[in-house]
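Step one of this worksheet: look at the structure below.
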Amino acid sequence: MELSGRSNVTSKSNIQEVNKSLFHFLVTQGESRVLLSIICGILGGLSYAALIPLILASVNTESALMANFLEEDKHFLFGYEIVQPKFAIAFLIVCVGALLLRAISQILLDSIVVKAASALRVFMSDRLYKLPIQDLEKIGPSRFVSAITMDIPKIADSAASVPNFAINISVVLGVLGYIAILDINMLWVVIAVILFGIVSYRIPMILGQKFYATSRDSYDEIQEGMRGFIYGAKELKLNHRRFQEYRDKKLISAENHYVDTKISGGRIFYLALQYGNLIGFLAIGVIVYAAGNYYSLSNTALVSVVVATLYLIGPLANIMNEIMPYSQGVIALKKLQALINEMPQESLNHNFEPLPCDQIDIKELCYQYPGQEGFSLGPVSFSLKRGQITFAIGGNGSGKSTLAKLISNHYIATQGEIAFNDTLINEENRWQARESICAIYTDFFLFTKLYGFAQEDLNKVERYLKKLALHDKVSLQGDMFSTISLSDGQRKRLALLVSYLEDRSLYVFDEWAADQDPDFKKVFYTELLPELKANGKIVFVVGHDELYFSQADQLLTMQSGRLVSIEEHQCKRKEMSYAI
């Protein structure tokens, strides 16, 4: 089993460069393509800048340069006389060159950005796979949803602005070079005005960026609030006061904070943006009304400098316009970096051969929830054996489900050890141990498609549907269930069907029968569990159904995170051999 995507998805080693700069991240997605995109963009920008001296030279027929290209022969196109055809051809070539080069640059850049965003999503999914469940529960789903739907697109888009900066700067440098040829004093004037404009522009942008960072923090709260409206819809509908208070204190307060900070940041950003767009005109004003006269510039030279400076307005505006999305991308990158830094990773050695598991020995096992004081589990010690049913009982909050998650290796114990057939479970073999386990918890997720099964497994589905009384509700269409829109109890039966197909050594059921009707609850305890036992499975059941405690070979009683008693039952029931 390999954690890899399609060939056009960047490897995880490269995508980890997200912890560096936006541009570094973008380069790692395709260094040669990014370089080619920048080169094409710069050449296109210089071609764009070359149009100004070409046009000005064409209209200045008295210049020495024009004297070398003037032709006495007349040329016509579609009945129109073409003045200075050599310059017209050069103008056309430069226009087409600028068009093609900049188009190639943008097309390359777009493909890089799309693939970079895809690679980043795949990278996050792989990290989620190796994230310990206790840390996943601690972080919560809202931050992950915000990262995937909001931060990653902004990171990819803003990373694309870095090459655009280079493209537009090349245009600016080309025009400044032409101004230097016209008059070196005017060059220093234009540069001084531009530098003053940029510095004065950046001050409010920094303040606006702080507002945007604050609004981004509020967005996580909004996501969490919306989760409450979706998953708590039934509860909210039955209590208007609860709805009103939840809406006002949880959602509306977060929305108001988000709106206030977003608008405040936007006002600063957009005012600064419009000011930035006027920098070119500010330079023109200084040249026309002050510097031109001060340096005794001729009227022809003055017009040329003004036109060239006017040509700077577009690229300068593009540079200023890119700063806002770039700033938001930097904020999104910091949020994603903070999230990634809170995601410890389990080592993955790519050995997924199930560990032999005839007996599981739990010795002095302890667990403390990360970042939480108070409840802790353990130390607990007991054994689970093949062909044995073990019940874990006790009151709510006694630690039964926590113990189940430790046994299934979803939680990693803070102390103690678990051994499969005298093999201690550690970082090296934990994934192999998990391949021997099937677990159904109260918050189980049911996939609509049967992933990871061969056709011979799928051929058993129809028999299991009948066995679980689902054949009149669900059918298998290829490798997909026809529907999973069922009652909670029926969905749990489908999850049990999937566990049958997996055919693991250890089966863990957390309150599985809680949503079943009395008849099928009896079937579960008196038929299905004994079938698993007869087939040599290790069965661990968390439940409260005292009526069926007699079905257990071993009864564990939990209280306040402690194992207070172990009761062994000598089952006198007749052993039956079932084929499941």
Side-chain angles (χ1 to χ4, degrees), residues 360 362 377 380 382-408 437-444 446 464-471 473 486-500 504 506-580:
I360 302 174
I362 290 97
L377 184 138
V380 297
F382 59 92
S383 295
L384 304 173
K385 301 176 182 178
R386 275 195 180 275
Q388 182 188 68
I389 299 174
T390 299
F391 280 16
I393 64 174
N396 293 331
S398 60
K400 304 183 301 297
S401 296
T402 301
L403 178 60
K405 290 175 182 176
L406 287 166
I407 293 171
S408 65
I437 304 168
C438 184
I440 303 176
Y441 290 101
T442 54
D443 58 350
F444 72 99
L446 187 61
Y464 291 148
L465 286 173
K466 292 179 180 178
K467 183 183 188 69
L468 299 173
L470 293 172
H471 59 285
K473 306 288 185 182
L486 306 166
S487 69
D488 291 340
Q490 290 169 335
R491 283 167 52 82
K492 278 192 174 179
R493 292 186 216 173
L494 269 188
L496 181 60
L497 182 153
V498 175
S499 74
Y500 281 167
R504 301 293 176 85
L506 169 62
Y507 281 77
V508 177
F509 300 109
D510 184 13
E511 303 284 1
W512 188 91
D515 298 310
Q516 304 300 323
D517 57 61
D519 290 338
F520 204 85
K521 182 178 291 189
K522 181 178 180 181
V523 169
F524 174 69
Y525 284 113
T526 63
E527 296 182 25
L528 301 183
L529 292 185
E531 287 178 6
L532 291 170
K533 172 184 175 179
N535 280 274
K537 307 300 182 183
I538 302 172
V539 182
F540 186 86
V541 180
V542 173
H544 296 278
D545 299 309
E546 296 184 27
L547 181 63
Y548 300 104
F549 285 174
S550 60
Q551 299 294 320
D553 300 302
Q554 183 175 231
L555 199 64
L556 310 179
T557 303
M558 300 292 296
Q559 183 177 329
S560 301
R562 304 293 182 267
L563 178 58
V564 295
S565 70
I566 302 177
E567 182 180 346
E568 299 284 349
H569 287 177
Q570 295 294 328
C571 295
K572 298 180 180 179
R573 298 185 302 278
K574 180 180 178 182
E575 294 292 343
M576 295 174 286
S577 178
Y578 294 93
I580 67 169

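For the single chain, residues carry numbers from 1 onward in sequence order. All of these numbers come straight from a predicted model, not from anything done at the bench.
For an aromatic pair to be called close, the ring centres must be under 6.0 Å apart, and Y548 with F524 fails this.
Between atom CD1 of residue I407 and atom CZ of residue F382 there is a gap of 4.0 Å, rounded to the nearest 0.5 Å. Here the CG-OG1 distance, from L555 to T390, works out to 9.0 Å after rounding to the nearest 0.5 Å. With rounding to the nearest 0.5 angstrom, the CH2 atom of W512 is 9.5 Å from the CZ atom of F444. Rounding to the nearest 0.5 angstrom, the gap separating the SG atom in C438 from the NZ atom in K537 is 10.0 Å. A distance of 8.0 Å separates NZ of K473 from CG of L486, quoted to the nearest 0.5 Å. Here the CZ atom belonging to F540 is positioned 4.5 Å from the CG atom belonging to L403, to the nearest 0.5 angstrom.
Residue A404 comes nearest to Y441 through the heavy atom pair O-OH, 3.0 Å, listed as atom of the first residue, atom of the second, then distance. A pairwise comparison of heavy atoms in I393 and G543 identifies CG2-O, 3.8 Å as the closest pair. Smallest separation of non-hydrogen atoms from D545 and A513: OD2-CB, 3.9 Å. Contact record, Q554 with L384: NE2-CD2, 3.9 Å, taken as the closest heavy-atom pair. Listed here is the closest heavy atom pair of K405 and S408: O-OG, 3.3 Å. The two residues G399 and L377 have their closest heavy-atom pair at O-CD1, 3.3 Å.
For K385 and D553, the salt-bridge test fails: no basic side-chain N is under 4.0 Å from an acidic carboxylate O.
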Derivation and outcome, side chain to side chain contact (heavy atoms under 4.5 Å, CB included), residues L468 and F520
CA-CA 9 Å; L468 299 173; F520 204 85; 3.8 Å; yes
For the pair Q551 and L529, evaluate side chain to side chain contact (heavy atoms under 4.5 Å, CB included) and give the outcome as yes or no after the intermediate values.
CA-CA 8 Å; Q551 299 294 320; L529 292 185; 5.7 Å; no
Point to revise | Chi angles and distances behind the side chain to side chain contact (heavy atoms under 4.5 Å, CB included) call for K467, Y500 | key: CA-CA 11 Å; K467 183 183 188 69; Y500 281 167; 4.2 Å; yes
| Chi angles and distances behind the side chain to side chain contact (heavy atoms under 4.5 Å, CB included) call for R491, D515 | CA-CA 10 Å; R491 283 167 52 82; D515 298 310; over 6 Å; no
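Taking 4.5 Å as the limit, some side-chain heavy atom of V539 sits within range of a side-chain heavy atom of F509. H544 places a side-chain heavy atom less than 4.5 Å from the side chain of N396. Between V380 and R562, every side-chain heavy-atom pair lies at or beyond the 4.5 Å cut-off.
A distance-only check finds a donor-acceptor pair linking the side chain of R386 to the backbone of G536 [under 3.5 Å]. For the pair K400 (side chain) and G394 (backbone), a donor-acceptor distance under 3.5 Å is present. Judged purely by atom type and a 3.5 angstrom limit, K492 has no side-chain atom pairing as donor or acceptor with the backbone of T442. Proximity of a side-chain donor or acceptor of Q516 to a complementary backbone N or O of G489 within less than 3.5 Å is detected.
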